[in-house]
Amino acid sequence: MSLIRKPLNRRSILRAGAMGGAALATPTIFTSRAWSAGYLNEPTGSEVVFGFNVPQTGAYADEGADELRAYQLAVKHINGEGDGGMLNTFTSKALGGNGINGKKVAYVTGDTQTKSDAARASAKRMIEKDGAIMITGGSSSGVAIAVQSLCQEAGVIFMAGLTHSNDTTGKDRRANGFRHFFNTEMTGAALAPVLKNAFGTARRAYHLTADYTWGWSQEGSIKKYTEDIGWDTVAAVRTPLGAGDFSQYITPVLNSGADVLVLNHYGKDMVNSLTQAVQFGLRDKTVNGKQFEIVVPLFSRLMAQGAGENIKGIFGSTNWNWSLQDEGSKAFVKSFGQEYGFPPSQAAHTTYCQALLYADACQRAGTFQPCAVKDALEDFDFDGLGNGPTLYRGADHQCFKDVLVVKGKEAPQSQFDLLEVVEVTPRSQVEYKPDMADVQGDLGTCNNGA
Amino acid sequence: MFTKTSPALDLVYFLVFAAAVLTMPIWLAPIGAGYPDLLQKFAIFGLFATGFNILFGLTGYLSFGHAAFLGVGSYTAVWSFKLLGMNPIPAAVLAVVASGVFALAIGYVSLRRSGIYFSILTLAFAQMSYNLAYSVLTPITNGETGLRVLESDPRILDGGGATDGPLISNLFGIEMTGYAGFYFCAVVLLIGFFIAQRIFRSPFGIMLRAVKTNQNRMTYTGLNPRPYTLAAFVISGMYAGLAGALMCITDPLAGAERMQWTASGEVVLMTILGGAGTLLGPIFGAALIKYFENIFSAFNEQTLHEIFGFLPDFLEAPVVAVSGLFVGEGWHLTLGVLFMLIVIFLPGGLMEGFARIGRVLKRSSNKSEKSGSATAPAE
């Protein structure tokens, strides 16, 4: 036989065609929906499965680990183990500590890696393989938006974890997605008056912004509200996520004539940029006859721990802090502390609340069907979860509650006592219309899956 | 299998492979991998690695930037969804074309060097593409957030927007999610595999092998290797682009992290793990890595306690504690150990392992028969 063989001849084409045809016909056997249930992943046994999708690796791994602890605690409390935590202070008494609708809660976990692809793959696995009825968690708005739209398409409920971008319940809102955490709009509304009192009205601000949906959203909100109180925005510079070294971005700040630096960074980025800004001596400078100031609009205790000394006296906002003295917060801090030996972070708090709120909504609806659960959650008024009276607004699936404006504590009592609450901004001051220009979006219709 | 080839044998080989791929949902279910998303990943990354193997396995040129083509394919596919409509076929075709053009440009420059310089050049191009997609080209790629199809997009072929259903790619009414999506990917994988098989057996494939074996000698005989390597580079870039398009067809979202150097490294791992230069090896490698990434990373302490529940308590706790390091977020550790073991003991990858087992079986079955020719290693 010769070395050179013609790759295609009549016979091989016929063969390939026949095989291709057979292969194309195969899927129809599998896609028939003869067995389709009332809704996707309807629990049939004595257990119902939650999917906890949190970052276990990457820039937000600390938050993810704390979220997972909170979820495990929430599952214990819903199943009637432990001391019940915030179930005892929660105003809705539907849950009786014996699971939900008579079923015990089990869970599966996944790693989002703070990447949209990985997060969606992991959520899909939990939905398709493990039969999760609800997906929750995450510590990045990019991921939250990606997973939320996945859950909408698949037909399960998504209870967002730590996500602060307006878009999650703004232009990317979805009928199957719910957010307990606050957003940049609320941060701006709460923070601006405090900044006005502390730093005056004639200030020039310089923004360093993490270059993704959350950074853009936060930059926009802070600009909007600080310009309202008379500040100028000198420049807003975008920095890549996870840059590590911010010195090249901080040097220009010195010569820009700005006297306030706004760091729209989170997690390890914020720890690095703040530390470097302080090392560059920004806080010791006087510009335009005023003391130079740094503002970190979104604060968390885990970040404060990372930034150490540098955090002292810096203003920011937070969803919740463990030092709050209401009954709900005390109960949560106590049971979390007993379990793990240290106080919970705001990420832990919001995810614990989300798990509880979902469980409660299922119990009140009497089913796990996503659309029924959605109806139960919409316009739901509750209290006792550490944030005062709270509303889950039906129009955009966003929670409205008081916002904490905090400051890095000058004289911490312990390694966890890093933030002091400057002001609790009442809910009425941070509310906005669901169809406001920046947050317009369409919920679409809820999806039951099958 | 690789020493003796004939068209009939190749056909049998292909049919067995096709049957195995199409029945994956059944025989992978017992090991927890029989769910659509992972099966789609197997097919997509199998295709990606098959394409990569055409370059690396045949010509020996190690590209460290193949994720760039994956990314280009993904972005093209999503733009095709946005502008043309949710049909996967134009998306796949355009993605192949776009990544082919892109590969031609990068290959033309990079292939002026070989060896480590070639690898570094491709790596540099891929990182450049990643950074461009991540920040500079945000209007086209939507940066870190990722490019998605929106309700407001034109989608000409779908009748200009306004659909009620979710924005999922659909092939004339069949939604490309779940098992339908898997079968679509599987068919594309089979086509890709068939073409790769033809290339392996063709004179062109022999030329590529000649490049790998001794490029100098090839030049002395008056042949210019450049057109051959460039063709191989472009073909393998097109495979990557097609794989990228499939990722978007099953899940219409393209993110820049797909182009990161870790993703380029992953396909190198897949190919070496499975066996570079073999037809099936890269597909095995891809499946193994994706299995680890999706299944091992999901094990938590609860699952470990279930597995080791049969042990007495004083044993169970330390066993769970130690094995806990290798699952969950530690799955990279397991993969690393496995990779080391394979590279040290089976330099030819999993395929060499299979070949050795096969030889042992053959020897025990006909001991008396003396083997005439020494079997050459796969590559």
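FYI, side chains are in, hydrogens and waters are out, and symmetry mates aren't considered; it's all heavy atoms of this structure.
- When side chains are defined from C-beta on, B:Leu253 counts as touching A:Arg120, because their heavy atoms get closer than 4.5 Å.
- For a residue to count as touching a neighbouring chain, one of its non-hydrogen atoms must lie under 4.5 Å from one of that chain's; by this rule A:Asp172 touches chain B with the side chain only.
- Within the 3.5 Å criterion, the main-chain N or O of A:Asp117 finds a donor-acceptor partner in the side chain of B:Glu257.
- Looking at B:Asp37 and A:Lys129, no side-chain N of the basic residue comes within less than 4.0 Å of a carboxylate O on the acidic one, giving no salt bridge.
- A:Gln218 is linked by a side chain to side chain donor-acceptor pair (under 3.5 Å) to A:His164, A:Asn264, counting only residues two or more places apart in sequence or in another chain.
- Within the model, atoms OH of B:Tyr134 and CG of A:Asp211 stand 7.5 Å from one another, a figure rounded to the nearest 0.5 Å.
- Contacts of B:Gln197 with chain A are absent, with no heavy-atom separation under 4.5 Å from either backbone or side chain.
- With a threshold of 4.5 angstrom between heavy atoms, B:Asn142 approaches chain A through its backbone and through its side chain.
- The side chain to side chain donor-acceptor pair (under 3.5 Å) check on A:Lys76 picks up A:Glu339, with sequence neighbours excluded.
- Using a 4.5 Å cut-off on side-chain heavy atoms (C-beta onward), A:Lys115 and B:Arg258 make no contact.
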Report task. Would you check, one step at a time, whether the test side chain to side chain contact (heavy atoms under 4.5 Å, CB included) holds for A:Ile145 with B:Arg148? Result -> CA-CA 11 Å; A:Ile145 290 169; B:Arg148 282 166 306 136; 3.7 Å; yes
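- Within the 3.5 Å criterion, the main-chain N or O of B:Asn294 finds a donor-acceptor partner in the side chain of A:Arg125.
- The distance from atom CG of B:Leu38 to atom NZ of A:Lys124, rounded to the nearest 0.5 Å, is 11.0 Å.
- Among the candidates A:Gly110, A:Ala121, A:Gly142, the residue making the largest number of heavy-atom pairs closer than 4.5 Å to chain B is A:Ala121.
- Considering only heavy-atom pairs separated by less than 4.5 Å from chain B, the leading option among A:Trp214, A:Trp216, A:Tyr212 is A:Tyr212.
- Atom CD of residue A:Glu128 and atom OH of residue B:Tyr179 lie 8.0 Å apart, to the nearest 0.5 angstrom.
- Put simply, of B:Ala29, B:Pro36, B:Ala18, the one with the most heavy-atom pairs under 4.5 Å next to chain A is B:Pro36.
- Here the CD atom belonging to A:Gln113 is positioned 6.0 Å from the CD atom belonging to B:Glu293, to the nearest 0.5 angstrom.
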